[in-house]
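Values in this document were obtained by computation on a predicted structure and should not be read as measured data. Both ligands and their constituent atoms are indexed starting at 1 by order of listing.
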Amino acid sequence: MSITENLRQIKLTLPKEVTLVAVSKTKPISDLMEAYNAGQRIFGENKIQEMAEKHEQMPKDIQWHMIGHVQRNKVKYMAEFVSLIHGVESFKLLKEINKQAKKHQRVINCLLQIKIAEEDSKFGMSASDASILLQSDEFSDLTHIKIKGVMGMATFTDNMTQVENEFKFLKHTFTELKTIQPEINIISMGMSGDYKLAIDCGSTMVRVGSSIFGYRNYN
Ligand SMILES: *Cc1c(COP(=O)(O)O)cnc(C)c1O
């Protein structure tokens with residue numbers, strides 16, 4: 001099926017309050033433009049330089065989400081335009097984002113990435129560290145970032161009960177953090193293989209790549 005048709009099919013299954021991030025990493029501009037022409041305006045990338053190049057070349061009404069692991073020394077390449085950074089997992093990173101945002105007189109929206117998977121390979125902070133961060137004085141000094149919610153990645157497994165438990169844990173963490181910071185309203189969870197389950201567990205933002213653009217070739 002075409003990208004346009006894939007997008008249409010997926011949108012039919014999404015409740016209207018759920019935001020779709022079209023994950024376009026590794027894909028050429030022509031594929032992204034097909035999605036753009038079908039009405040998609042939110043794109044997710046996991047490499048800062050690739051996102052910056054695509055931002056250069058594409059229409060300026062696109063919202064670019066950084067969904068991958070962020071290296072502090074590269075924040076400067078996206079600070080001018082990024083619309084939401086999903087993978088914030090330390091105070092040090094938040095401080096750097098704040099610094100770069102200030103240079104551009106912006107407030108950059110961020111999600112705290114919570115470690116919900118068993119695997120050690122998945123990044124993220126613990127729920128209690130997130131809670132401590134939101135209540136710290138150093139955090140309240142950062143006036144150029146805004147925490148909008150949480151993000152999580154479930155374990156890569158066929159065991160859907162485990163995935164469900166991890167999603168429920170993220171929802172629970174969100175609810176706890178909301179008592180500290182009532183403005184948070186985003187739960188970014190769910191990918192091509194599990195976004196329906198994620199929505200059932202309370203996701204408000206899904207990150208879907210291969211179901212829209214087809215399989216990725218990393219070579
Ligand atoms: C690649 C990626 C996705 C999309 O994965 P698909 O299985 O292709 O939908 C979602 N979230 C993150 C963080 C990713 O790196």
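A salt bridge does not link Glu96 to Lys92: none of the charged side-chain nitrogens sits closer than 4.0 Å to a carboxylate oxygen.
Residue His172 places its NE2 atom among 12 or fewer non-hydrogen atoms of other residues, nucleotides or ligands, all under 6.0 Å distant.
Interface atoms of ligand 1 facing Val208, defined by a heavy-atom separation under 4.0 Å, are 9 (O). Near Arg207, meaning under 4.0 Å from any of its heavy atoms, are these atoms of ligand 1: 4 (C), 9 (O), 10 (C), 11 (N), 12 (C), 13 (C). Of all atoms in ligand 1, listed by their number and element, those nearer than 4.0 Å to a heavy atom of Ser192 are 6 (P), 7 (O), 8 (O), 9 (O). Of all atoms in ligand 1, numbered sequentially from 1 with element shown, those under 4.0 Å from a heavy atom of Met153 are 13 (C).
Between the side chains of Gln162 and Glu166, at least one donor N or O lies within less than 3.5 Å of an accepting N or O. No side-chain donor from either of Thr13 and Gln9 sits under 3.5 Å from a side-chain acceptor of the other. Judged by distance alone, the side chains of Thr4 and Glu34 do bring a donor and an acceptor atom under 3.5 Å apart.
Within the structure, the closest approach of Arg216 to ligand 1 falls below 4.0 Å when heavy atoms are considered.
Put simply, CG on Asn109 and CD1 on Ile147 are 9.0 Å apart, with the number rounded to the nearest 0.5 Å.
Looking from atom 5 (O) of ligand 1 to the surrounding protein, the closest heavy atom is Met191 CE, 3.6 Å. Closest protein heavy atom to atom 1 (C) of ligand 1: Lys25 NZ, 1.4 Å. Protein heavy atom at the shortest distance from atom 12 (C) of ligand 1 is Ile67 CD1, 3.5 Å.
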